[in-house]
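Chain letters run A, B, ... following the sequence lines, proteins first and then strands; every chain starts at 1.
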Number of protein chains: 2
Amino acid sequence: MSLIQIYQCLCDETRLRILHLLQDGELCVCHFQQILEEPQVKISKHLAYLRQRGLVESRRDGYWMIYRLPVRPCPELDANLACLHDCVREIPVFRRDTDRRARLRARLAATSPICCTPAKPKGKKKALVV
Amino acid sequence: MSLIQIYQCLCDETRLRILHLLQDGELCVCHFQQILEEPQVKISKHLAYLRQRGLVESRRDGYWMIYRLPVRPCPELDANLACLHDCVREIPVFRRDTDRRARLRARLAATSPICCTPAKPKGKKKALVV
DNA sequence: AGGGAATATGCACGGGTAAGAATATGCAAG
DNA sequence: CTTGCATATTCTTACCCGTGCATATTCCCT
């Protein structure tokens, strides 16, 4: 992973928002959709872009794909993510994302599922969680 | 100047090298040419790109255009330049640029001119410096 | 005024990329 | 093995960008 590639990943707002959210822990695609309020294809493609360049890692969990920052990020990525964290502190979009994520977390804590429930679960919820 | 614009500026190697050099003080275009060993048009266009987005400022001094980092950079730019400085410390191209700049400086200290001498000066040197 | 030096700009071309619509894939439950 | 859900991929369109060639601009000196 080169420094240039890192900057190429950072120069799009959607990707910045994704990386910023991931700094607070892993997320699945449907949660990105809920928080960012962007179409699925857009989010999915930016996640693929980031994954191909090694800025995020993914794993599957049943229906869902869970994305996270690299477990062992290279020093350049680490430094730039820290810098990003500082820079966005005051920017409304990013604060909004953080807030929406917190509220989403609260909602999830109240119910059982780890990830979002399918649109028409019909009581499948519990089974899905296991 | 937005954060995205900063990252857009940072995602090209030539521009990274330019910004890295400017962290050590202002430079004219012909010095960039000597240090980076890239064609004039390439350097000039990248400098224009950076200037249009507010990452560098320029002033004219006789024959020469002198470029520098903004006198009062915004916090985001400041943070990212510091981050860049850390990140490139070990990268050969950037070390080479630093070395070449130091050697250029030594050469200039030995002679009088502030900037490089025209190709065929014919004794105009002293007059140019004043 | 005119020449020459340093630098900038216009034009052209190839390549990457962002976005959306449509479609495909992988998974789980019945 | 079919259905429904979450996610990925393909295709297309439009745009921006990096580069090089040629030319223009701006300045200094005579």
Side-chain angles (χ1 to χ4, degrees), chain A residues 4-5 7-18 26-34 36-53 56 58-67 113-130, chain B residues 4-5 7-18 26-34 36-53 56 58-67 113-130:
Chain A
I4 304 288
Q5 274 186 322
Y7 286 128
Q8 283 172 345
C9 287
L10 294 178
C11 67
D12 176 273
E13 179 173 304
T14 305
R15 290 197 291 265
L16 275 190
R17 293 171 73 192
I18 288 175
E26 59 181 20
L27 272 179
C28 72
V29 178
C30 50
H31 285 162
F32 280 120
Q33 283 181 244
Q34 292 180 44
L36 302 180
E37 291 184 306
E38 297 280 359
Q40 180 262 326
V41 58
K42 186 171 177 179
I43 290 171
S44 188
K45 275 199 220 170
H46 282 299
L47 284 169
Y49 187 104
L50 291 170
R51 181 163 36 82
Q52 283 162 5
R53 286 155 183 81
V56 305
S58 64
R59 80 187 143 86
R60 180 175 278 282
D61 180 11
Y63 282 147
W64 306 293
M65 289 293 292
I66 318 270
Y67 285 82
I114 295 173
C115 199
C116 52
T117 43
K120 296 165 187 171
K122 292 181 180 174
K124 293 177 187 175
K125 209 191 296 186
K126 279 209 156 76
L128 283 171
V129 175
V130 175
Chain B
I4 304 287
Q5 274 185 321
Y7 286 129
Q8 283 171 345
C9 288
L10 295 177
C11 67
D12 176 272
E13 179 173 304
T14 305
R15 290 198 290 265
L16 276 190
R17 292 172 73 191
I18 288 174
E26 59 182 20
L27 272 179
C28 72
V29 178
C30 49
H31 284 163
F32 280 121
Q33 284 181 244
Q34 292 180 44
L36 302 181
E37 292 185 303
E38 297 280 359
Q40 180 262 327
V41 59
K42 184 171 177 178
I43 290 171
S44 188
K45 280 193 193 169
H46 281 299
L47 284 169
Y49 186 104
L50 291 170
R51 180 163 37 81
Q52 283 162 4
R53 286 156 184 81
V56 305
S58 63
R59 80 187 143 85
R60 179 174 279 282
D61 180 11
Y63 282 146
W64 307 293
M65 290 292 294
I66 318 272
Y67 284 83
I114 295 175
C115 199
C116 52
T117 42
K120 295 165 189 173
K122 292 182 182 176
K124 294 174 186 175
K125 211 189 298 185
K126 278 207 157 77
L128 284 172
V129 176
V130 176

I'd like a table of atom pairs between the protein and nucleotides 10-13 of chain D - only N or O on both sides, under 3.5 Å - with the distance next to each one.
unit_1	atom_1	unit_2	atom_2	d
D:dT10	O4	A:Lys45	NZ	3.4

Task: Close side-chain approach of B:Leu27 to B:Ile18, heavy-atom, < 4.5 Å - done: no

- [ ] For the side chain of A:Tyr63, starting at C-beta, report the closest nucleotide among D:dT7, D:dG4, C:dA8.
- [x] D:dG4

TODO: Quick one: closest heavy-atom pair of B:Glu38 and B:Ile43, and the distance?
DONE: O-CD1, 3.6 Å

Task: Rounded interatomic separation in angstrom, taking CD1 from B:Ile43 and P from C:dA8 - done: 10 Å

- [ ] Compare every heavy atom of B:Tyr49 with every heavy atom of B:Arg53, then report the nearest pair and how far apart it is.
- [x] NH1-O, 3.1 Å

TODO: Round to the nearest Å and state the distance from A:Arg60 atom CZ to D:dA6 atom P.
DONE: 12 Å

TODO: Determine whether any donor atom in the side chain of A:Gln40 lies under 3.5 Å from an acceptor atom in the base of D:dA6, or the reverse, and answer yes or no.
DONE: no

TODO: Specify the closest pair of heavy atoms between A:Ile4 and B:Asp12, including all atoms of both residues, with the distance to one decimal.
DONE: CD1-C, 3.8 Å

Open item on the list: If I take atom OG from residue B:Ser58 and atom CE from residue B:Met65, how far apart are they, to the nearest 0.5 angstrom?
Closed with: 4.0 Å

- [ ] Grab the CG-P distance between A:Leu50 and C:dT17 for me, whole Å please.
- [x] 12 Å

Open item on the list: Measuring from the side chain of A:Val29 (C-beta onward, heavy atoms only), which nucleotide among C:dG20, D:dT7, C:dA8 has the closest atom?
Closed with: D:dT7

Open item on the list: As a test of reading the structure: which of C:dA6, C:dA19, C:dT17 is closest to the side chain of A:Arg53, going by heavy atoms?
Closed with: C:dT17

Task: Integer-rounded Å distance: D:dC16 P and A:Gln8 CD - done: 18 Å

Open item on the list: If I take atom SG from residue B:Cys9 and atom CZ from residue B:Arg51, how far apart are they, to the nearest 0.5 angstrom?
Closed with: 12.0 Å

Open item on the list: Quick check for you: among D:dT26, D:dA6, C:dC27, whose closest atom lies nearest to any side-chain atom of A:Trp64?
Closed with: D:dA6

Open item on the list: Tell me whether the side-chain N/O atoms of A:His46 come closer than 4.0 Å to OP1 or OP2 in C:dT17.
Closed with: no

Open item on the list: With a 4.5 Å cut-off on side-chain heavy atoms, are B:Leu16 and A:Tyr7 touching?
Closed with: yes

Task: Straight-line distance of B:Cys28 SG to B:Arg60 CZ, nearest 0.5 Å - done: 11.5 Å

Open item on the list: Just to be sure I understand the rule, does A:Phe32 reach a base, reach only the sugar-phosphate, or reach nothing, if contact means heavy atoms closer than 4.0 Å?
Closed with: nothing

Open item on the list: Run B:Leu47 and B:Phe32 through side-chain contact (heavy atoms from CB on, under 4.5 Å) and show every step you take.
Closed with: CA-CA 10 Å; B:Leu47 284 169; B:Phe32 280 121; 4.1 Å; yes

- [ ] Let me know the distance between NZ of B:Lys42 and P of C:dA6, rounded to the nearest Å.
- [x] 21 Å

Open item on the list: Using a strict heavy-atom distance below 4.0 Å, which residues from residues 9-17 of chain B are in contact with DNA chain C?
Closed with: none

Open item on the list: Measuring from the side chain of B:Tyr49 (C-beta onward, heavy atoms only), which nucleotide among D:dC17, D:dA6, C:dC27 has the closest atom?
Closed with: D:dC17

Open item on the list: Using whole Å, what does the distance between atom P of nucleotide C:dG16 and atom OH of A:Tyr7 come to?
Closed with: 22 Å

Open item on the list: The side chain of A:Tyr67 is closest to which nucleotide in this list: D:dA8, C:dA8, C:dA18?
Closed with: D:dA8

- [ ] Rounded to the nearest 0.5 Å, what's the gap from CZ on A:Arg15 to CD on A:Gln8? Could you check?
- [x] 8.5 Å

Open item on the list: Report for the helix from C:dA1-D:dT30 to C:dG30-D:dC1: angle between first-end and last-end helix axes, five pairs each, rounded to 10 degrees.
Closed with: 20°

Open item on the list: In whole Å, I'd like the distance from the CD atom of B:Glu38 to the P atom of C:dA8.
Closed with: 16 Å

TODO: Could you check how far CZ of A:Arg59 sits from C1' of C:dC27, rounded to whole Å?
DONE: 16 Å

